[in-house]
Amino acid sequence: MMATSSLVIAAMHYCDRSGARGAGKAWTGSRGRRRTWENPSHIDVNTGFGGDNDPIDVCDIGTKVCERGEVIKVKILGTLALIDEGETDWKLIVINVEDPEAALYNGV
């Protein structure tokens, strides 16, 4: 876990593809290249399954509401691996460093 690391993400790339804010939108970063991706050919040693061929999902647990497409700096609190239809679906659990409660969280 990288509890003290920071990562710049786009606020439109959050975890729920079913209709939550930013659903189904992937941050492409500079020059239109995806920065994170779950490789279906790589079998994860912990889950025994390959990736789901999607960008890695980011779940912000904070209270600060961001605008769609806003780029924010976050603190990584942990990761979560879900098995979805025989594929590993990774989630990064983060909090916006500008969230009023960010200093209270260093891991999950």
Side-chain angles (χ1 to χ4, degrees):
M1 176 170 44
M2 301 177 289
T4 58
S5 298
S6 293
L7 169 74
V8 176
I9 64 164
M12 67 178 157
H13 181 56
Y14 285 93
C15 66
D16 193 333
R17 289 188 191 90
S18 65
R21 64 181 165 163
K25 301 289 185 184
W27 179 43
T28 55
S30 63
R31 299 190 184 114
R33 292 175 295 174
R34 287 187 173 167
R35 296 288 189 171
T36 59
W37 175 66
E38 297 172 290
N39 186 345
S41 301
H42 174 76
I43 305 303
D44 187 274
V45 296
N46 296 303
T47 66
F49 294 99
D52 67 357
N53 204 29
D54 289 337
I56 294 175
D57 300 322
V58 177
C59 299
D60 181 353
I61 65 167
T63 59
K64 186 172 179 358
V65 177
C66 299
E67 297 295 322
R68 174 174 244 168
E70 181 180 353
V71 176
I72 61 173
K73 194 174 201 179
V74 301
K75 180 170 32 171
I76 299 171
L77 303 175
T79 59
L80 175 66
L82 301 176
I83 305 302
D84 184 12
E85 297 181 5
E87 299 171 325
T88 303
D89 189 7
W90 284 98
K91 315 289 185 194
L92 285 179
I93 312 301
V94 306
I95 190 164
N96 186 333
V97 296
E98 294 181 8
D99 189 285
E101 298 180 358
L104 303 174
Y105 294 94
N106 291 307
V108 289

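Keep in mind it's a predicted model, so treat the numbers as computed, not measured.
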Worksheet entry | Residue pair I72 / D60: nearest heavy atoms and the distance that separates them | CD1-OD2, 4.2 Å
Worksheet entry | CG on N96 to NZ on K73, rounded to 0.5 Å | 11.0 Å
Worksheet item: Are L92 and V74 side-chain neighbours, meaning at least one heavy-atom pair lies under 4.5 Å?
Response: no
Worksheet item: Remaining members of I83's ILVMFWY cluster at a side-chain heavy-atom cut-off under 4.5 Å?
Response: F49
Worksheet item: Rounded to the nearest 0.5 Å, how far apart are CG of D89 and CG of D57?
Response: 5.0 Å
Fill in: CD1-OH distance between I95 and Y105, expressed to the nearest 0.5 angstrom
6.0 Å
Discussion item. Could you work out, with side chain to side chain contact (heavy atoms under 4.5 Å, CB included) as the rule, every residue matching D44, not counting sequence neighbours?
Written reply: N46, T47, T88, W90
Practice prompt. Please tell me if the side chains of D52 and D54 come closer than 4.5 Å, counting only heavy atoms from C-beta onward.
Written response: yes
Response to the item:
Those residues at least two apart in sequence (or on a different chain) that pass side-chain hydrogen bond (donor to acceptor under 3.5 Å, both in side chains) with D99 are T63
Practice prompt. Starting at CG of N106, measure out to NZ of K75 and round the result to the nearest 0.5 Å.
Written response: 4.0 Å
